[in-house]
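Notes follow the structure.
Indexing begins at 1, ligand by ligand and atom by atom, following the structure's order.
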Amino acid sequence: MNLKPLPAERTVIVTGAASERGIGRGVAQRLAGAGWSVGIVDLHAEAVDSGARELAEATGATIAGAAADVSDERAVDAALSSLEAELPPVTALVNLAGISDPTPFLESTLAQWERVMRINATGTYVTCRRVAPGMVERGLGRIVNFSSTAAQTGGGNYSKSAYAASKNAIEGLTRSIARELAPHGVTANVIAPASIDTDIMGGRITEERLPQFVGALPVGRLGTVPEVAALVELLVGSEGGFMTGATINLNGGLRIG
Ligand SMILES: NC(=O)c1ccc[n+]([C@@H]2O[C@H](COP(=O)([O-])OP(=O)(O)OC[C@H]3O[C@@H](n4cnc5c(N)ncnc54)[C@H](O)[C@@H]3O)[C@@H](O)[C@H]2O)c1
């Protein structure tokens with residue numbers, strides 16, 4: 001059976017792509033270089049506009065941006081409607097908008113719990129729910145959501161219970177989407193990274209902070225944004241159609257098995 005080729009004109013929506021050193025920006029750049037038009041969604045209009053401009057200049061690809069809080073269903077609907085009007089059909093969605101929280105469980109509050117769950121778990125639900133019907137209609141779609149090694153290990157160096165719970169929710173949601181939408185040509189997978197060199201863990205991982213993160217990693221170094229982006233490119237590509245419902249560890253050996 002032949003693989004279904006991706007359409008020549010296709011769009012990936014990348015949430016959380018405004019952060020200059022973030023994974024979302026790296027994913028947007030990599031896919032823009034691989035023939036995708038890119039729609040970026042992030043919180044603040046100014047950062048979204050400058051991010052879209054910089055990506056377009058760097059890649060020559062068609063890039064559009066729209067600001068939205070991913071946990072706000074109406075804002076996401078408006079952002080996606082404006083991106084859909086400007087760009088080719090949405091073939092892929094990569095959910096990278098997210099926050100971490102270092103509060104230990106016994107010091108945590110319900111407000112902190114709800115904030116993390118709302119942005120990470122509900123935000124992922126809202127964007128998937130908005131984008132998936134179009135994919136089903138066109139019989140082709142690729143969804144990549146992000147968990148974390150912290151979901152499997154009971155929190156990490158920086159991110160504790162609410163973060164771990166939100167990422168487990170994302171894994172469960174993604175498996176359900178994968179099962180229900182596979183017959184419609186839509187795949188849904190999770191990448192679970194550990195310690196990628198970005199600013200989400202309380203700002204830059206300086207030389208001083210490095211041992212705290214690298215000490216636990218068998219490979220002896222942080223992961224990099226291009227390494228994550230390369231895996232995303234595989235998952236959203238025409239040869240990504242047989243993998244669905246998977247959680248792929250990208251963790252330098254932090255958790256094996
Ligand atoms: N960096 C790591 O080591 C690591 C490890 C495991 C998982 N992850 C996951 O990867 C994803 C990206 O992380 P990153 O390291 O690039 O972090 P980052 O902080 O650089 O990027 C996160 C982006 O999400 C955006 N964002 C936050 N709340 C939002 C909201 N409500 N609506 C829209 N956008 C919002 C931020 O503005 C930012 O641009 C997150 O889901 C994170 O949990 C990262």
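Closest protein heavy atom to atom 6 (C) of ligand 1: Pro193 O, 3.2 Å. Counting only heavy atoms of the protein, atom 41 (O) of ligand 1 lies nearest to Lys167 NZ, 2.9 Å. Among protein heavy atoms, atom 44 (C) of ligand 1 sits closest to Ile23 CD1, 3.9 Å. Leu96 O, 3.3 Å is the protein heavy atom nearest to atom 11 (C) of ligand 1. Protein heavy atom in closest approach to atom 3 (O) of ligand 1: Ile196 N, 2.7 Å. What sits closest to atom 14 (P) of ligand 1 on the protein, heavy atoms only, is Thr198 OG1, 3.7 Å. In this structure, atom 7 (C) of ligand 1 lies nearest to the protein heavy atom Ser147 O, 3.1 Å. Looking only at heavy atoms of the protein, atom 43 (O) of ligand 1 is closest to Tyr163 OH, 2.6 Å.
Both the backbone and the side chain of Val70 come within 4.0 Å of ligand 1, counting heavy atoms alone.
Close contacts between ligand 1 and Gly22 involve ligand atoms 16 (O), 20 (O) [criterion: under 4.0 Å to a heavy atom]. Listed by number with element, the atoms of ligand 1 under 4.0 angstrom from any heavy atom of Met201 are 3 (O). Contact atoms of ligand 1 toward Ser148: 6 (C), 7 (C) (distance under 4.0 Å to a heavy atom of the residue). Here is the list of ligand 1 atoms found below 4.0 Å of a heavy atom in Ser195: 3 (O).
A 4.5 Å side-chain heavy-atom check between Met243 and Asn189 finds at least one atom pair inside the cut-off. The shortest distance between side-chain heavy atoms of Leu55 and Arg25 falls below 4.5 Å. Looking at Met135 and Leu93, their side chains come closer than 4.5 Å, going by heavy atoms from C-beta outward. Asn145 has its side chain within reach of Cys128: a pair of non-hydrogen atoms, C-beta onward, lies under 4.5 Å apart. Using a 4.5 Å heavy-atom threshold, the side chains of Phe146 and Thr124 count as separate. Side chains of Val41 and Ile13 form a contact here, defined as non-hydrogen atoms less than 4.5 Å apart. The shortest side-chain heavy-atom distance between Arg10 and Pro88 does not fall under the 4.5 Å cut-off.
Among Leu250, Ile200, Asp42, Val41, the residue whose heavy atom lies nearest to atom 19 (O) of ligand 1 is Ile200. For atom 33 (C) of ligand 1, the nearest non-hydrogen atom from the set Ala68, Ala47, Gly16 belongs to Ala68. Around atom 27 (C) of ligand 1, the closest heavy atom drawn from Gly98, Ala18, Ser19 belongs to Gly98.
At a 3.5 angstrom cut-off on N or O pairs, Ser71 does not count as close to ligand 1.
Residues Ile40 and Leu83 share a closest heavy-atom pair of O-CD1, 4.3 Å.
Under the side chain to side chain contact (heavy atoms under 4.5 Å, CB included) rule, Val38 has a single partner from Thr11, Ile63, Val27, Thr62, which is Ile63.
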As a quick check of understanding, evaluate salt bridge (charged side-chain N to carboxylate O under 4.0 Å, His left out) for Glu171 and Arg175, giving each step before the final call. CA-CA 6 Å; Glu171 290 191 21; Arg175 288 186 198 109; 3.0 Å; yes
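Between Arg21 and Asp197 a salt bridge is recorded (basic side-chain N to carboxylate O distance below 4.0 Å).
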